[in-house]
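The structure under discussion appears below in the form of C-alpha cells.
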Amino acid sequence: MLSTVKQRADYTFKFNRTLGRHGWLRLTPAYGVKLVEKILASVERDAIILDPFSGTATTGLVAAEHGNQAVTFDINPFLVWLGNAKCRNYCEDCLINIRKGVQQALKEYKSLVEQDNWIPQIFNIERWWSSYTLKCIAALRTALVNQFGETEENKLYDLVWIAFCRLIIETSSASFNHVSMSFNETTTHFEIEYIEELFVTILGFVLSSAEQHIQGKAKVIKTDSRNIVELNNIKVDQVITSPPYPNRMSYIRELRPYMYWTKFLDEAKEAGEIDWMAIGGTWGIATSRLTSWQVQEWKLPEDIFLVAERIQTSKGKNAALLAVYVLKYFHDMHLHLSSLRHILKNGAELHYIVGNSTFFGNMVDTSALISKSMQMLGYSEIHSKIIRKRNCKKALYEYCVSAAWSDS
DNA sequence: AGGAAGGAAGCCAGGTCCGC
DNA sequence: GCGGACCTGGCTTCCTTCCT
C-alpha cells in the first residue's frame, strides 16, 4: 500500500513559490497551500480557524484568502512578525510611499558602500557573503533604515524588510534548498548595480502580490502552544496545523540569516534559547539542556515511554540524548493538545499534518502517538490518513491526523 | 535520455570558549 | 593547558523532478 504513495511536489513549498504572498520567503519546513485549501473547502465561511504552529503563516493566509477569520500562534518573534506582515491588507497610499522611499534609498545607497555600516554578528559571516557583497547589502540596509526606520518601527513598511530578507538569501552562498541547510564552497561576488537591480525586482514581486486584497482576517499571536490562554472568549471551530516534526530539524538554523539582519537575533546564545523554547529543533545550548530535562507530566500514553526506551537502548553514540529528545517532543505535544481543549468550540475539528521519523533505525510513528494522546485527552473520531511520501529517507511519510472535540 | 538538483533527515565530528 | 560544555555544519541518503 505504501509503495503507491507518491511524493506529491504540489504539497510542498515548491508549489507555494508562485502563489503571491505565499512565495515571499521560504522556511524550508513549510507545508503546502493545497493541503490547507483541501481541508478548508468544506468549511463554513463563518468558521474560526486556528493554527497553533503558525510558522510562515500558510494556514492563516489561506484561511483569510478563503474569507475566514483565523488566529495563529507562534513562539518565534520573527515568525510572528512575518506572519502578520503576510496576512495584512496594504492600502494604495502605503504601497506608493514604499516605492517613493525605496527610490530615495537607492539614490543614497551607492555612496554608502565604502562607509562603515552596521552588519549582524552572524557566525562566520564571510561564508555567507563575499566581503564586497556584504558591503553592498549593509549599505542598502542603512539606506533603507534612513528612509523607513528599523524593522519593527512601522508596520506599513514591513514589505520593505521582507524584500530585504529575500535579497540576503538570494545573494548568500547558503543553499536552503536541500534536506538541510549547507554552504557552497565559495561565495559569489555581486556587483553594486546587480544588488540594486535584484532588490528592485524582488520588491516589485512583493508589492504586486501585496496589492491583492484579502477578504478574511488572520492574526499571529506570540504564544507557547503548550500553555494556551483564553482568546477573549473566542472559541475555534477548526484547527488546521502542521506542528514541528520529531526530526531534530532546527528552525533557528534555517532562520538565522533573516533573524540576524532584522535584529530579531543579536548573538548566537539567543538562537539556542529560542530553540529551547520551541517544540522539537535543538540548536546550540538547547541540545545540551536535554541531558538535564525532567518530565513534568507523567500521565502520558505508555507508547511514548516505550519508543523512548527503544531508542535509548539502541546502539548509537547519542542514543540516550535522542531518546530524551523524542520523549520531550511527544511530552510537549501532549501538553499542547491538553491546553488546546479550553479554546475549542463544541464540535470543533482538528487536522494535524505530521511526519514520522527514525532514530538509529527505530521507527517513531508520530501519527499513532499523537492519536494516543488525543484519545487519552478525550478527543473523539480520531483517524489518521497517509498523505505523501517525503523526499528523504525510505521509510518517511506525511500523515493527517484528524479528530473532533465535544464538551461533555 | 541521462545527469543534476532537490527535498518537513538523522547522525556525527570538529572547532571554540571558559573555568579550573 | 585540560577537559567538558557549547556551537556549528558536513556527510550519506533515495526517490522524483528538472534541465540540457
Side-chain angles (χ1 to χ4, degrees), chain A residues 2-17 26-33 35-36 53 55-56 58-59 121-128 172-185 241-257 260 265 267-276 278-292 311 314-323 325-326 329 352-364 366-367 387-400:
Chain A
L2 284 183
S3 61
T4 61
V5 180
K6 297 262 179 166
Q7 288 200 355
R8 300 295 303 260
D10 55 333
Y11 281 170
T12 69
F13 181 83
K14 195 175 273 183
F15 178 78
N16 300 0
R17 277 185 308 197
R26 99 173 278 164
L27 175 63
T28 304
Y31 72 156
V33 168
L35 261 174
V36 185
F53 302 96
T56 47
T58 303
T59 308
Q121 295 302 304
I122 187 166
F123 181 79
N124 262 349
I125 200 163
E126 66 278 10
R127 289 202 66 183
W128 294 81
S172 91
S173 70
S175 42
F176 273 76
N177 42 14
H178 200 59
V179 285
S180 67
M181 196 207 81
S182 59
F183 290 103
N184 303 329
E185 275 185 25
T241 190
S242 184
Y245 295 180
N247 60 8
R248 264 194 123 227
M249 179 126 194
S250 168
Y251 286 69
I252 281 292
R253 180 174 169 173
E254 314 280 321
L255 289 172
R256 268 179 305 160
Y260 273 101
L265 261 184
E267 48 181 349
K269 251 169 75 180
E270 294 168 53
E273 293 292 341
I274 293 178
D275 240 13
W276 181 243
I279 297 178
T282 77
W283 175 258
I285 200 170
T287 307
S288 45
R289 286 206 184 148
L290 282 172
T291 54
S292 55
I311 295 169
S314 60
K315 279 185 185 164
K317 201 177 167 184
N318 293 309
L321 181 80
L322 293 187
Y325 169 77
V326 171
Y329 171 87
Y352 278 63
I353 312 295
V354 298
N356 58 350
S357 298
T358 63
F359 289 87
F360 310 107
N362 295 289
M363 174 55 69
V364 176
T366 309
S367 64
I387 293 176
R388 67 178 194 103
K389 168 79 191 79
R390 300 226 294 286
N391 308 329
C392 42
K393 282 188 171 179
K394 219 174 178 175
L396 302 191
Y397 290 83
E398 212 159 76
Y399 303 79
C400 180

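Chain letters run A, B, ... following the sequence lines, proteins first, then strands; residues in each count from 1.
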Considering residues at least two apart in sequence or located in another chain, which fulfil the side-chain contact (heavy atoms from CB on, under 4.5 Å) criterion with A/Pro244?
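Testing A/Pro244 for side-chain contact (heavy atoms from CB on, under 4.5 Å), a comparison that skips the adjacent residues, returns A/Phe53, A/Tyr251, A/Ile279.
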Does A/Glu270 have any side-chain contact (heavy atoms from CB on, under 4.5 Å) partners at least two apart in sequence or in another chain, and if so, which?
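With neighbours one apart ignored, the set is A/Leu265, A/Asp266, A/Glu267.
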Would you please name every residue forming a side-chain hydrogen bond (donor to acceptor under 3.5 Å, both in side chains) with [X], sequence neighbours left out?
{"X": "A/Tyr245", "answer": "A/Glu398"}
{"X": "A/Ser367", "answer": "A/Asp365"}
{"X": "A/Thr241", "answer": "A/Asp51"}
{"X": "A/Tyr352", "answer": "A/His336"}

Got a donor-acceptor contact below 3.5 angstrom from the A/Asn356 side chain to the A/Val364 backbone?
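Judged by distance alone, no pair lies under 3.5 Å.
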Would you kindly give the [atom1]-to-[atom2] distance between [X] and [N], to the nearest whole Å?
{"X": "A/Leu265", "N": "C/dT8", "atom1": "CG", "atom2": "P", "answer": "10 Å"}
{"X": "A/Arg390", "N": "B/dG6", "atom1": "CZ", "atom2": "C1'", "answer": "15 Å"}
{"X": "A/Glu270", "N": "C/dC7", "atom1": "CD", "atom2": "P", "answer": "11 Å"}
{"X": "A/Gln121", "N": "C/dC7", "atom1": "CD", "atom2": "P", "answer": "15 Å"}
{"X": "A/Leu396", "N": "C/dC15", "atom1": "CG", "atom2": "P", "answer": "12 Å"}
{"X": "A/Arg253", "N": "B/dA8", "atom1": "CZ", "atom2": "P", "answer": "16 Å"}
{"X": "A/Asn247", "N": "B/dC11", "atom1": "CG", "atom2": "C1'", "answer": "13 Å"}
{"X": "A/Phe359", "N": "B/dA8", "atom1": "CZ", "atom2": "P", "answer": "17 Å"}

Any side-chain N or O of A/Thr358 below 4.0 angstrom from OP1/OP2 of B/dG10?
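Yes, because at least one side-chain N or O of A/Thr358 sits under 4.0 Å from OP1 or OP2 of B/dG10.
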Verify the contact: side-chain N or O of A/Ser242 to OP1 or OP2 of B/dA8, cut-off strictly under 4.0 Å; return yes or no.
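Checking A/Ser242 against B/dA8: no side-chain N or O falls below 4.0 Å of OP1 or OP2.
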With a non-hydrogen cut-off below 4.0 angstrom, is A/Pro246 in contact with a base, only sugar-phosphate, or nothing?
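Contact class for A/Pro246: none.
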Over all heavy atoms of both residues, which pair between A/Met363 and A/Ser357 is shortest? Give the atoms and the distance, please.
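Looking at all heavy atoms of both residues, the shortest contact is SD-O, 3.4 Å.
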Per-nt protein contacts along nucleotides 12-20 of chain B (heavy atom under 4.0 Å; B base, S backbone sugar-phosphate only, - none) come out as BS-------
Side chain of A/Ala268: nearest nucleotide among C/dT8, C/dC15, C/dG9?
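Of C/dT8, C/dC15, C/dG9, C/dT8 is nearest to the side chain of A/Ala268.
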Taking the minimum atom-to-atom distance to the side chain of A/Arg127, which one of B/dA8, B/dG10, C/dG10 wins?
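Selected nucleotide: C/dG10.
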If I take atom [atom1] from residue [X] and atom [atom2] from residue [Y], how far apart are they, to the nearest 0.5 angstrom?
{"X": "A/Cys400", "Y": "A/Leu35", "atom1": "SG", "atom2": "CG", "answer": "7.5 Å"}
{"X": "A/Arg388", "Y": "A/Tyr399", "atom1": "CZ", "atom2": "OH", "answer": "12.0 Å"}
{"X": "A/Asn318", "Y": "A/Phe359", "atom1": "CG", "atom2": "CZ", "answer": "11.5 Å"}

Kindly express the pairing pattern of DNA chain C in dot-bracket notation, using | wherever a base pairs with another strand and counting only Watson-Crick or G-U pairs under 3.5 Å.
||||||||||||.|||||||
Closest-nucleotide mapping onto DNA chain C: is A/Lys394 or A/Trp128 further toward the 5' terminus? I mean the 5' end.
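The residue mapped nearer the 5' terminus is A/Trp128.
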Anything under 3.5 Å between a protein N or O and an N or O of nucleotides 2-6 of chain C, put it in a table, one pair a line.
unit_1, atom_1, unit_2, atom_2, d
C/dC6, OP2, A/Ser288, OG, 2.6

Holding to salt bridge (Lys or Arg N to Asp or Glu O under 4.0 Å), I want the full list of residues that pass it with A/Arg289, two or more places apart in sequence or in another chain.
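For A/Arg289, the residues satisfying salt bridge (Lys or Arg N to Asp or Glu O under 4.0 Å) (neighbours in sequence not counted) are A/Glu273.
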